[in-house]
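Everything numeric here is computed off the predicted structure, so don't read it as measured data. So you know, we letter chains A, B, ... as the sequences are listed, proteins then strands, and number each from 1.
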Amino acid sequence: MHFIRQIIADDLRTGKHGGTVTTRFPPEPNGYLHIGHAKAICLDFGMALENNGTCHLRMDDTNPVKEDIEYTESIKEDVRWLGFDWGEHFYHASDYFEQMYDLACDLIREGKAYVCELTSAQWTDYRGIPTQPGKESPWRNRTPAENLDLFQRMRAGEFPDGAKVLRAKIDMASPNLHMRDPVLYRILHAPHPHAGDKWCIYPMYDYAHPIEDAIEKITHSLCTLEFEVHRPLYDWVIQNCHLFPSRQIEFARLSLTYTVMSKRKLLELVQNNLVNGWDDPRLPTLSGLRRRGVPPAAIRDFCERVGITKYDSLTDVALLDHCIRDHLNRTAPRTMAVLDPLRVIIENPADLPPAITGTRNPEDPDAGERTIPISPELLIEREDFSENPPPKYFRLSPGATVRIRNAGFLTCTSTEKDANGNLTAVRATFTPMDAKLKVKATIHWVSAAHAKPVQVRLYDRLFTIPEPDADKDTDFKTHLNPHSLQTITAHVEPDLLNAQSGDTFQFERLGYFTADPDSQPNAPVFNRTTPLKDSWKPA
RNA sequence: UGCCCGAUGGUGUAACGGUAGCACAUCAGACUCUGGAUCUGUGAGUCUAGGUUCAAAUCCUAGUCGGGCAACCA
């Protein structure tokens, strides 16, 4: 039971808001969503869902110069993909601009806001510093009538950008800088991506957000920790504008090892072509995770396991990987693929069965079976053969017998080498499965005659250290992992040619692989979603 | 050195004054037609110092350490 669940439970018990719960996820449409947003989305929608409430999706579009309508669609797509439904409740903060303006006029009439003509540079001086109180603006005591006139003319476009702002009249001596006459409105002669060219003054977040929440009767306005110091201002707006008493509650944002989460840094990676776009499978963006093949259910599970606190934590990506495997293990059909092939020549081909049957998914009896072709020449993983095996090496080695998945057993009789002494093939005899030999390992394989070559992209963590952006004096990009993407040609069961973009398979003993959108008919491209755990290590 | 917030095994969390538990990671074993999965087990924790109390991770005070706040960003 995390603290926000607790607060909501208490509110429900005391009958606050008539026992209703309404939350909202309010992204600014100025970038792509990442797994940190997923934590917020799961919380916002989750709290509503759990309590028979409603969660709104709202574009917090109060700054037209930073925002673009193109982001709105990707945000909607990502939220939907994650598995949440806002129903009718899709809103834009900019749809409330008229109400915000009226409320500002009321504040002016009540002497609680004034038009200030100090430049932002001058204001730096007036505002003061945390340890010292600020000074009052010379424009602080204009009459409501004068302020109202000026504010109306600001809206009418009589003044250039930056010439004037509307400020709340609060307390220039407040130890909380946000309460020292904060800006409510600034002049921005810029068209708005959603509201069009109706406005040239735009409300600031601190003023707009509580109004948006109140208009929508949000009961629990959940946001991240950095807004904690803004809460007194949030409450001030609610109170002084006489609004629905939405309550802001802050929780810690998600940090993950071996990646970066800030929009700025992600943008930097994309713009410098250090990754291939916003949906690069190495990125923690939702579009990247989707492309990598991460199931949304795994992300939801992960977000639940991470929990909600006010402690600034750093979550190990291993937990995300675990959630991904946990889900895929139950759902992904099995197949065999060889990434780094070594030829095996079977010396007794007459003993080979005509075809092999394999289970699609041992974890799911309903998944059925598949037919696997076999021929006298097989491809196995180079790693699965060792000429001089280390202790406890259970795979193929001269004279040793190993099971080959679904088919039978192989006993290595000899090796073939080229002029330079490099291993080129292994010769082996085949023993049918009925023999039930006691062996300690099973290796995967494909029939050389039937295997199809496909492109496989092996992704690894994007950075080499757990906290690439921990040191402020070092560019986080210096910690990029040069081997985060390796593209190879793998040899797969012929069936796999039918894979459609988004299909995920377990390549047995290797990992989970998902067909990329780059896939063409009969030419799928696979992304490694995550490797399987491998407890083998040489002694 | 102003204000706000926080601190529980390696990591993430639970315990609402009454036996510090769970998960991931680690290591060991069992089982297995994936050295996967599954199962079992091991090790490891309440920041410090005072106080309140029969009893403190929990309440109080101080300190230490960490984070946030001085955009006409959100």
Student: How close or far is atom C1' of B/A71 from atom NE2 of A/His230, stated in whole angstroms?
Tutor: 10 Å

Student: B/C24, OP1 or OP2 - any side-chain N/O from A/Thr315 closer than 4.0 Å?
Tutor: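 For B/C24, neither OP1 nor OP2 has a side-chain N or O of A/Thr315 closer than 4.0 Å.
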
Student: Whole-Å distance between B/C72 C1' and A/Asp206 CG?
Tutor: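 Taking CG of A/Asp206 and C1' of B/C72, I get 12 Å after rounding.
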
Student: How do A/Thr124 and A/Phe507 order along RNA chain B: which one's closest nucleotide is nearer the 5' end?
Tutor: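 The residue whose closest nucleotide sits nearer the 5' end is A/Phe507.
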
Student: In the strands shown, is B/C69 matched to any nucleotide by a Watson-Crick or G-U wobble pair with both distances under 3.5 Å, and which?
Tutor: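 WC or wobble partner is B/G2.
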
Student: Taking any strand in view, what nucleotide pairs with B/A74 in a Watson-Crick or G-U wobble way, both distances under 3.5 Å?
Tutor: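 Answer to the pairing question: none, since B/A74 forms no Watson-Crick or G-U pair.
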
Student: Answer with base, sugar-phosphate or nothing: what part of the nucleic acid does A/Ile129 contact at a heavy-atom distance below 4.0 Å?
Tutor: base

Student: Does A/Glu508 pair with A/Arg334 as a salt bridge, N-O distance under 4.0 Å?
Tutor: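 Salt bridge between A/Glu508 and A/Arg334, a charged N being under 4.0 Å from a carboxylate O: no.
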
Student: Considering every strand and a 4.0 Å limit on heavy-atom distances, what is the contact class for A/Arg305: base, sugar-phosphate, or nothing?
Tutor: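 Sugar-phosphate: the residue A/Arg305, judged by heavy atoms under 4.0 Å, touches backbone atoms but no base.
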
Student: What I want to find out is whether A/Lys533 reaches A/Asp321 closely enough, with some N-O distance under 4.0 Å, to be called a salt bridge.
Tutor: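 The answer is no: the pair does not qualify as a salt bridge.
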
Student: May I have the distance from A/Leu188 (atom CG) to B/A74 (atom C1'), rounded to whole angstrom?
Tutor: 14 Å

Student: So does A/Arg186 get a side-chain nitrogen or oxygen closer than 4.0 Å to the phosphate oxygens (OP1/OP2) of B/A74?
Tutor: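 For B/A74, OP1/OP2 do have a side-chain N/O of A/Arg186 under 4.0 Å.
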
Student: OP1 or OP2 of B/U1 less than 4.0 angstrom from a side-chain nitrogen or oxygen of A/Thr131, does that happen here?
Tutor: no

Student: Have a look at B/A14 and give me syn or anti from its glycosidic angle (syn if within 90° of zero).
Tutor: anti

Student: Distance check, C1' atoms only: B/G9 and B/C27, in whole angstrom units.
Tutor: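 Going atom to atom, C1' in each nucleotide, I get 15 Å.
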
Student: Provide, to the nearest angstrom, the distance between the OH atom belonging to A/Tyr185 and the P atom belonging to B/A74.
Tutor: 12 Å

Student: Quick one: does A/Glu304 reach the base of B/G12 with a side-chain donor-acceptor pair under 3.5 Å?
Tutor: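 A donor-acceptor contact between them is absent.
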
Student: What nucleic acid atoms does A/Asn406 come within less than 4.0 Å of, heavy atoms only: base, sugar-phosphate, or nothing?
Tutor: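 A/Asn406: base contact, heavy atoms under 4.0 Å.
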
Student: Would you kindly check if the NZ (Lys) or CZ (Arg) of A/Arg167 is within the cone defined by 45 degrees around the ring axis of A/Trp123 and under 6.0 Å from the six-membered ring centre?
Tutor: yes

Student: Give a yes/no on whether any side-chain N or O of A/His322 is located under 4.0 angstrom from OP1 or OP2 of B/C24.
Tutor: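 It does, given that an N or O in the side chain of A/His322 lies less than 4.0 Å from OP1 or OP2 of B/C24.
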
Student: Roughly how far apart, to the nearest Å, are B/C65 and B/U1 at atom P?
Tutor: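 About 11 Å, rounded to a whole number of Å.
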
Student: Roughly how far apart, to the nearest Å, are B/U42 and B/U26 at atom C1'?
Tutor: 10 Å

Student: I'd like to know whether the aromatic ring centres of A/His192 and A/Phe97 sit less than 6.0 Å apart in this structure.
Tutor: yes

Student: Give the rounded distance in Å between these two atoms: CG of A/Asn63 and C1' of B/C73.
Tutor: 6 Å

Student: For A/Lys310 and B/U8, give me the distance from atom NZ to atom C1', rounded to whole Å.
Tutor: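 These atoms are roughly 18 Å apart.
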
Student: Any strand counts, and the cut-off is 3.5 Å on both contacts for Watson-Crick or G-U wobble. Which nucleotide pairs with B/C59?
Tutor: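 Pair assignment: B/C59 / B/G51.
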
Student: Answer yes if the ring centres of A/His209 and A/Tyr205 are under 6.0 angstrom apart, and no otherwise.
Tutor: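 Under 6.0 Å, so yes.
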
Student: What integer number of Å spans the C1' atoms of B/A44 and B/C5?
Tutor: 29 Å

Student: Considering only atom P, compute the distance from B/A37 to B/A20 and round it to an integer number of Å.
Tutor: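 Rounded to whole Å, the distance is 33 Å.
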
Student: Both distances under 3.5 Å, Watson-Crick or G-U wobble: report the partner of B/G43, or none.
Tutor: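 Base partner found: none.
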
Student: So what's B/U34 paired with, Watson-Crick or G-U wobble, going by both distances under 3.5 Å?
Tutor: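 The base-pairing partner of B/U34, which may sit in any strand shown, does not exist here.
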
Student: Would you say A/Ser535 places a side-chain N or O within less than 4.0 Å of OP1 or OP2 belonging to B/G36?
Tutor: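 It does, given that an N or O in the side chain of A/Ser535 lies less than 4.0 Å from OP1 or OP2 of B/G36.
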
Student: Charged N to carboxylate O below 4.0 Å: is that the case for A/Arg395 and A/Glu381?
Tutor: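 Not counted as a salt bridge, because no side-chain N and carboxylate O are separated by less than 4.0 Å.
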
Student: P atom, B/A7 versus B/U13: distance in rounded Å?
Tutor: 10 Å

Student: Is the phosphate of B/A25, meaning OP1 or OP2, less than 4.0 Å from a side-chain N or O of A/Lys533?
Tutor: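 Yes, within the criterion.
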
Student: Between A/Pro203 and A/Asp326, just flag the one whose closest nucleotide in RNA chain B comes earlier from the 5' side.
Tutor: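 Here A/Asp326 is the residue nearer the 5' end.
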
Student: Let me know the distance between CZ of A/Phe159 and P of B/C72, rounded to the nearest Å.
Tutor: 19 Å

Student: Whole Å only: how far is the CG atom of A/Asp316 from the C1' atom of B/C24?
Tutor: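 It works out to 7 Å between those atoms.
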
Student: Test the A/Arg461-A/Tyr258 pair against the cation-pi criterion, namely NZ or CZ under 6.0 angstrom from the six-membered ring centroid and within 45° of the ring axis.
Tutor: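 Because its charged atom sits under 6.0 Å from the ring centre and within 45° of the axis, A/Arg461 does stack over A/Tyr258.
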
Student: Tell which nucleotide pairs with B/U13, taking only Watson-Crick or G-U wobble pairs whose two distances are both under 3.5 angstrom.
Tutor: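 Matched B/U13 with B/G21 under the 3.5 Å cut-off.
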
Student: On the nucleotide B/G35, are OP1 or OP2 found under 4.0 Å from the side-chain N or O atoms that A/Arg509 carries?
Tutor: yes

Student: Could you tell me whether A/Phe394 contacts a base, only the sugar-phosphate backbone, or nothing, with contacts defined as non-hydrogen atoms closer than 4.0 Å?
Tutor: base

Student: Reckon A/Ser174 has a side-chain N or O less than 4.0 Å from the OP1 or OP2 of B/C3?
Tutor: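 Checking B/C3 against A/Ser174, no side-chain N or O comes under 4.0 Å of OP1 or OP2.
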
Student: Rounding to an integer number of angstrom, what distance separates B/U46 and B/G6 when you compare their C1' atoms?
Tutor: 15 Å

Student: Expressed in whole Å, how much space separates the C1' atoms belonging to B/A15 and B/A30?
Tutor: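 Going atom to atom, C1' in each nucleotide, I get 33 Å.
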
Student: Mind checking if A/Pro27 touches a base, just sugar-phosphate, or nothing, with heavy atoms under 4.0 Å?
Tutor: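 No contact.
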
Student: So what does A/Gln132 touch, heavy atoms closer than 4.0 Å: a base, only the sugar-phosphate, or nothing?
Tutor: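 If one applies the 4.0 Å heavy-atom cut-off, A/Gln132 turns out to touch nothing in the nucleic acid.
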
Student: Would you call A/Arg180 and A/Asp171 a salt bridge, taking side-chain N to carboxylate O under 4.0 Å as the test?
Tutor: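 Salt bridge: no.
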
